[in-house]
Amino acid sequence: MLKGLIFDLDGVITDSAVYHLKAWQDLAKGIGIDLPESFGDKLRGLSRMDSLEIILEYGHKENDYTQEEKEALAAKKNDAYIKAVQKMTKADILPKMADLLHEAKAQGLKLALASASKNAPLILHQLELEDLFDARVDPATLKHGKPDPEIYIRAQELLGLEKNEVISFEDAPAGVKSIKAAGQFAVGIGDPVVLKGADYIVGSTSALDLAEIERVFKKAGN
């Protein structure tokens, strides 16, 4: 029986990925790496440090910095990102997501956020959605990033639910893998080929229908 919903943030509730990419591009340019627009897809769902490692490897600079220097680079990127997201408003919520969240709460479902972003509380505040969530996973408490299932298992535990009582939403392949490794029902938002591991897929948030998702969830034996 469905009792809770778990959400990623970037690309699911809001599209702050554009702010992430711009901040990474500016940082990368400063150290001699030119990141194309398409590079943002490689960073979806990943932690800040994992993203930095991928960027440094792309620029063949993975051995050029100490751990302390890498942390300083990541902090510099985050400062630029925070300045950008402080301009966000509820107008930046992706289509139909606010309706889905409110509908879920009206049904008595519990809501949790499973985002690798340490800035998730700030973004939820800017979007005026923070009061809707019963739990948020603190990424600082995690040992492993997506696609490891830890973040979704933790979100489920914070809600006090079992794996067959939740539906989780993702837009990134790493996130979908994380959900499935946690044994949960995965809703993918985006390209069906890229997100083929999900149990239910829509092209965009505007196509989300909670009643239909619940129907497929029950049909799957949950």
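Numbers here are sequence positions counted from 1. Quick note: numbers below take in every heavy atom, side chains included, and nothing from hydrogens, waters or symmetry partners.
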For D99 and L210, run side-chain contact (heavy atoms from CB on, under 4.5 Å): C-alpha distance rounded to whole Å, both residues' side-chain angles, the deciding distance at 0.1 Å, then the answer.
CA-CA 10 Å; D99 292 339; L210 185 56; over 6 Å; no
Stepwise side-chain contact (heavy atoms from CB on, under 4.5 Å) test for F39 and W24
CA-CA 10 Å; F39 206 86; W24 280 126; over 6 Å; no
Audit row: K70, M49, side-chain contact (heavy atoms from CB on, under 4.5 Å) steps and yes/no:
CA-CA 8 Å; K70 289 177 180 178; M49 293 306 294; 4.0 Å; yes
Give the intermediate values and the outcome of side-chain contact (heavy atoms from CB on, under 4.5 Å) for residues M88 and L127.
CA-CA 7 Å; M88 294 179 76; L127 300 178; 4.2 Å; yes
Kindly determine whether R48 and S117 satisfy side-chain hydrogen bond (donor to acceptor under 3.5 Å, both in side chains), including the steps that lead there.
CA-CA 8 Å; R48 193 181 308 157; S117 173; over 6 Å; no
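Looking at Q126, its side chain never comes within 3.5 Å of a backbone N or O of T89 through a donor-acceptor pair. Side-chain atoms of T205 come within 3.5 Å of backbone atoms of P95 as a donor-acceptor pair (strictly under, hydrogens ignored). A distance-only check finds a donor-acceptor pair linking the side chain of Q25 to the backbone of L35 [under 3.5 Å]. Side chain of K163 to backbone of G183: no donor-acceptor contact under 3.5 angstrom is found. Between the D171 side chain and the V12 main chain, no donor and acceptor come within less than 3.5 Å of each other. Judged by distance alone, with hydrogens and angles left aside, the side-chain atoms of S178 form no donor-acceptor pair with the main-chain N or O of A174 at under 3.5 Å.
The nearest pair of heavy atoms linking I13 to F133 is CD1-CZ, 3.6 Å. Residues D64 and H60 share a closest heavy-atom pair of OD2-O, 4.5 Å. The shortest non-hydrogen separation linking G188 to A198 is N-CB, 3.7 Å. In plain terms, the two heavy atoms of V176 and A186 that are nearest each other are CG1-CB, 4.5 Å. Closest heavy-atom contact between I93 and A98: CG2-N, 3.9 Å. Counting all heavy atoms, side chain and backbone alike, A182 lies closest to P149 at N-CB, 3.5 Å.
Annotation for E162: atom CD does not count as buried by contact number, only 12 or fewer foreign heavy atoms lying within 6.0 Å. A 6.0 Å sphere centred on NZ of K77 holds more than 12 heavy atoms belonging to other residues, nucleotides or ligands. Heavy atoms from other residues, nucleotides or ligands lying under 6.0 Å from CD of E68 number 12 at most.
Under the 30°/60° scheme for interplanar angles, the aromatic rings of Y19 and Y81 are found to stand perpendicular. Between F169 and F7, the ring planes are parallel. Angles under 30° get that label, and only those over 60° would be called perpendicular.
Annotation: the span from E128 atom CD to D92 atom CG amounts to 11.0 Å, rounded to 0.5 Å. To the nearest 0.5 Å, atom CG of residue D8 and atom CD1 of residue I179 are 8.0 Å apart. Within the model, atoms CG of L43 and CG of L21 stand 7.0 Å from one another, a figure rounded to the nearest 0.5 Å. Considering CG of D50 and NE2 of H144, their distance stands at 11.5 Å, rounded to 0.5 Å. Here the CG-CG distance, from N78 to L73, works out to 12.5 Å after rounding to the nearest 0.5 Å. To the nearest 0.5 angstrom, L5 atom CG is 10.0 Å from E103 atom CD.
The existence of a salt bridge linking D134 and K105 is confirmed by a sub-4.0 Å separation between a basic side-chain nitrogen and an acidic carboxylate oxygen. With respect to the salt-bridge test (charged N to carboxylate O, under 4.0 angstrom), the residues D209 and K96 do not qualify. A salt bridge does not link E214 to K218: none of the charged nitrogens lies less than 4.0 Å from a carboxylate oxygen. Salt-bridge annotation for K83 and D79: absent, with no side-chain N of the basic residue lying under 4.0 Å from a carboxylate O of the acidic one. Note on E130 versus R136: no salt bridge recorded, every NZ/NE/NH1/NH2 to OD/OE distance being 4.0 Å or above.
Tracing side-chain contacts under 4.5 Å through hydrophobic residues (I, L, V, M, F, W, Y), one never reaches V216 starting from I201; they form parts of separate clusters. I167 and L195 fall into different hydrophobic clusters, where Ile, Leu, Val, Met, Phe, Trp and Tyr are joined by side-chain heavy atoms under 4.5 Å apart, directly or via other members. Under the 4.5 Å side-chain heavy-atom criterion for ILVMFWY residues, no single connected hydrophobic cluster contains both L2 and L159. If you chain together hydrophobic residues whose side chains sit under 4.5 Å apart, L158 and L113 never meet in one group. Connection of L94 to L111 is established within a shared hydrophobic cluster, with ILVMFWY side chains joined at heavy-atom distances below 4.5 Å, either directly or through further cluster members.
By the 4.5 Å heavy-atom criterion applied to side chains, I123 and S16 are counted as neighbours. With contacts defined as side-chain heavy-atom distances shorter than 4.5 Å, the pair F217/Y200 does not qualify. I55 has its side chain out of reach of I31: every pair of non-hydrogen atoms, C-beta onward, lies at least 4.5 Å apart. By the 4.5 Å heavy-atom criterion applied to side chains, K29 and D34 are not counted as neighbours. Within the 4.5 Å cutoff, side-chain heavy atoms of L208 are placed close to those of M97.
No donor-acceptor contact under 3.5 angstrom links the side chains of D138 and T141, judged on distance only. Of the N and O atoms on the side chains of S204 and S206, at least one donor lies less than 3.5 Å from an acceptor on the other residue. Side-chain atoms of E170 and Y152 form a donor-acceptor pair, as typed in the model, at a separation below 3.5 Å. Checking Q184 against Q156 by side-chain atom types alone, a donor-acceptor pair falls below 3.5 Å.
Screening T14, L129, L132, D131 against L124 for a side chain to side chain contact (heavy atoms under 4.5 Å, CB included) leaves a single residue, L129.
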